[in-house]
> 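What follows is a structure written as structure tokens; I'll ask about it next.
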Amino acid sequence: MSKLKYNHIEFMASIASRYLEDGKVVFAGTGIPMLAAALAKRIHSPNLVLIFEAGGVAPEASMLPLSVADSRTTYHATYCASMPAAFEMLQQGIASYAFLGGAQIDKYGNLNSTLIGDDYYHPKTRLPGSGGANEAASFAWQTFIIMNHNRNRFVEKPYYITTPGYLDGPGGRERAGLAPDAGPYMVFTELCVLDFEPLSKRMRLKSLLPGVTVEKVIQETGFELLFHENITTEKEPTEEELRVLREEVDPWRVVLSRGDAKEE
Amino acid sequence: MSKLKYNHIEFMASIASRYLEDGKVVFAGTGIPMLAAALAKRIHSPNLVLIFEAGGVAPEASMLPLSVADSRTTYHATYCASMPAAFEMLQQGIASYAFLGGAQIDKYGNLNSTLIGDDYYHPKTRLPGSGGANEAASFAWQTFIIMNHNRNRFVEKPYYITTPGYLDGPGGRERAGLAPDAGPYMVFTELCVLDFEPLSKRMRLKSLLPGVTVEKVIQETGFELLFHENITTEKEPTEEELRVLREEVDPWRVVLSRGDAKEE
Amino acid sequence: MPIAFVHEVLRQGFRNLGMASGTRNLDGDFLLDNDRIVKLDIGYILGLEMLGIPLYARTLVQNKLKTGELKISEWTNGTMAWRHKAAAMGLPFLPVRSLAGTDSFKYSAAKQIECPFTGIKVVLVPAIFCDTCCIHVHRADKYGNCQIDGMLNEDYDKARSAKNLIITTEKIVDTKEIRKDGSKTVIPQFYVDAVVEVPNGAYPTNMPGLYYLDLDHLKAYAKAAGDRSGESLKKYYNDYVFGTKDFKEFMKKCGGKKRIEELRKIEHMEGRK
Amino acid sequence: MPIAFVHEVLRQGFRNLGMASGTRNLDGDFLLDNDRIVKLDIGYILGLEMLGIPLYARTLVQNKLKTGELKISEWTNGTMAWRHKAAAMGLPFLPVRSLAGTDSFKYSAAKQIECPFTGIKVVLVPAIFCDTCCIHVHRADKYGNCQIDGMLNEDYDKARSAKNLIITTEKIVDTKEIRKDGSKTVIPQFYVDAVVEVPNGAYPTNMPGLYYLDLDHLKAYAKAAGDRSGESLKKYYNDYVFGTKDFKEFMKKCGGKKRIEELRKIEHMEGRK
């Protein structure tokens, strides 16, 4: 580990931001996804185009929006649209990337953000639900997912599928009536980065965060993982990434502070 | 006849304008319908709300728009929308009145503006087609129609139904899938004013223009008319109506001059 | 829903409400906290975005789901937006290409058909016509011609699809103001049943261009909402809603003009890019 | 279609075109006059609004309909607007409540189904994805972010539903200009394939806020279009299109800046209410 001190949210946001290619169009959800997209735009991918759910398109980089309808999503924006307009652009295939969180995920990248518990009508815990995640993952060509990594979250069978991944595997999306050639692309956790094996559509370990072992990942994953031939290690956040996150993107530490509790 | 000189377009527009009730919402087509609506707004019905097909809503009274997308339709308008927005407001039932022209009409108020000739693929004369007339007459609660009166135009069976009246009679609109309780309301010609008998939905002579006889109307009508019990006579254009038409509404006489040829 | 409107709904004691929307944040939580909702057509509830978990309301919702006193029809933000839009277009339904393949499809009222032109499967979502909608706008004239600055979110369609539409506005302006730029008009007069001037009516939430959300107030609310016992929320509502006679008094309690001026500066990122 | 664009389509000799639209006026008549169209999905053609009947083009259309060299699919302005909108929404079709019961329904490609929620009959119209669309806007940046003043007519959906989108603009502006009011943006950059600065590109038709239509020019054209022999139109096109090398030269021939200034005054109703 370097001498830089950072929490796991700062780390996850830094890593994820590096995978957002310049010039692409990204539809990002509230929280860490927006954090990562904002960081990418400031450092790695200045021409990344951000579309927000309530209609903001390509705002100038400013402070982190605290919701999808925050006026920071239209700060000097090139386009102030509406929610249906945003979703309709996505439905046409405008978004290269969706970037989402979730409470549970399975090996095909299906997400649950609706409830915990075996019986829909008697939930152990009722969660907020889809928001715009279902549309984002249905329409974007590639979906990035960011979430905490443990056996309650990486599960064989989620309690509820809120947001489609590859559904029941290859061809699943097409059989259900979703547009073809799209789906989950990468998953970022506090342990590792995963992608999806192209033929089987199953989740695959791609790289580790520094200090994390493959065994640890297996131990925290509730389904059988696939593995890349060469599992690499992600680089730690740079000083510049941390500075931008802390000073420019989230100076109030609204999202960043959620990583503090765990580690400090 | 009074000493005022006027042509039949000036007369038809004046009469029609008197039937547009104040406070209603009217969707008017290019030409005489817009002329009549503009006149009504300036004299009889200051709170008439005009909706134009390309999106203009409630402009300040100005010179006559020469098309539905003319910028005069948005002159200090309270609302500049789009064509789909205009039609969707109509589809919701916002428009009290549609006001249209046509090439042929039958006893149920069905309009043809597509072609003259028995064979669709070998038209004697190809006409412009529906434009937005089909939507206007499908959606507005009451449709006003203004057209010339002769046996080629008032026919038993139009060559083509472009725009729905009562279709095949009572219940016809509902059977076809159009919204109930709407339909043609009045027809203005250079001979008379007609309405539709509520039960049979058949066209009915309501009033005559000065100097016109019932026999003349029958002679120029290609189908069997119904008759009001008291057939009245419409009043000639007032000086004020003519002044407003000529000086304020259509000072270039773009539409008004079409009535000149016949009579001067 | 504007917070000023929700306060008044709470004060006037409306109960047994259905709520239909994509995402509901503070407004929806206020009604859930106070047990005013019996039916939801919804894409997102019980989230304070990133400020914490409203444990009191969540527990209430869970219990009422179990007893059947609360019914949820599951949707997503997109499908709810399109249900409003279908109604606003004067249509009984709209086709959509999301929702398919998920449990939310099963627990919604959507149907799936084959497109008669292309053969592809599409989901149909039914139009929703709410009894009442209230939105907050930047300016409106006395007839109800409304202008909104910035993004529109769902206001265009929600306003058009409700049977009764109440407008709260930062300012009632002369129609001449509206006519200066009719392309800024979002809702024309014929949809509107009532226009009410309520300056700062969105506070403590964000009114684009005018004032940013009050993060301190929201954090304080979120903390209260996280107390499962409900005691902290009881105090919050007594302090801010039931113990104030109207929105003006509430604003005064929250720092009034001074606070709004601070939030205006934050909104415009004065001293910060 | 902007007239500057149509001129260039004529000059460059494009033929055998399909044209899809609600109402086409001068732009469509130019293509019909010059026999460039073999297929129409249309709501309104051959109308010069109230300026007269384009007898030459009408005769041509009638003859080609008889020989089968021209095919028409019948629509209305609303249904064509919604066909573009379906495509712009990313949908294969939209339901509509017009067209039913008419011959235009029979000669269209629309279908009728029962609404699976309400049982009422609705007409479905298929999405239309044009190969090329060209629209004229008030200002655009070099990336293609486009702003339009005043009514939008069909531009929003037509632009979004075309496979190739060409923007002609009165002015190319810096993106900073666009960012001053993003709510004036109608078409965001990712739809746009080309941006061309063409001042007065809508002349002799109307560009809201900038210049009114040139009624004298249109009357002259209408007179030519009413000559069934085609001789007058031949002269018109030789004078104004084929005999000019570009739109600049055409504008010069039509009175250039002086004429535009007159039309600007008419547009703003200077000296007249």
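Lettering of chains follows the sequences in order, A, B, ..., and the numbering in each one begins at 1.
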> Which bit of Pro84(A) comes within less than 4.5 Å of chain D, counting heavy atoms only: side chain, backbone, both or neither?
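For Pro84(A), neither part sits under 4.5 Å from chain D.
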> With the side chain counted from C-beta on, respond yes when Gln189(D) and Val57(A) share a heavy-atom pair under 4.5 Å apart, and no when they do not.
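Side chain of Gln189(D) against side chain of Val57(A), heavy atoms only: no contact under 4.5 Å found.
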> Going from CE on Met89(D) to CD on Gln91(A), what distance comes out if it is rounded to the nearest 0.5 angstrom?
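Met89(D) CE to Gln91(A) CD: 7.0 Å, rounded to 0.5 Å.
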> To the nearest 0.5 Å, what is the distance between OG1 on Thr78(A) and CG on Asp181(D)?
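Output value for this atom pair is 12.0 Å.
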> Is any side-chain heavy atom of Lys180(D) closer than 4.5 Å to a side-chain heavy atom of His76(A)?
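Lys180(D) does not reach His76(A) side chain to side chain.
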> How about Pro188(D) and Met89(A): do any of their side-chain heavy atoms sit closer than 4.5 Å?
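Yes, at least one pair of side-chain atoms sits under 4.5 Å.
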> Answer with side chain, backbone, both or neither: which region of Ser183(D) has an atom nearer than 4.5 Å to a non-hydrogen atom of chain A?
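Contact with chain A involves both backbone and side-chain atoms of Ser183(D).
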> Evaluate the side-chain proximity of Gln92(A) to Phe190(D): yes if any heavy-atom separation is below 4.5 Å, no if none is.
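Side chain of Phe190(D) against side chain of Gln92(A), heavy atoms only: no contact under 4.5 Å found.
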> Measure the shortest side-chain to side-chain distance between Ile178(D) and Tyr79(A) over non-hydrogen atoms and say whether it is less than 4.5 angstrom.
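No, too far: nothing below the 4.5 Å cut-off.
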> If I measure from the heavy atoms of chain D, does Ala85(A) come under 4.5 Å with its side chain, its backbone, both, or neither?
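Contact with chain D involves both backbone and side-chain atoms of Ala85(A).
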> For chain A, which residues of residues 140-159 of chain D have at least one non-hydrogen atom nearer than 4.5 Å to it?
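Residues of residues 140-159 of chain D touching chain A at under 4.5 Å: Asn145(D), Tyr156(D).
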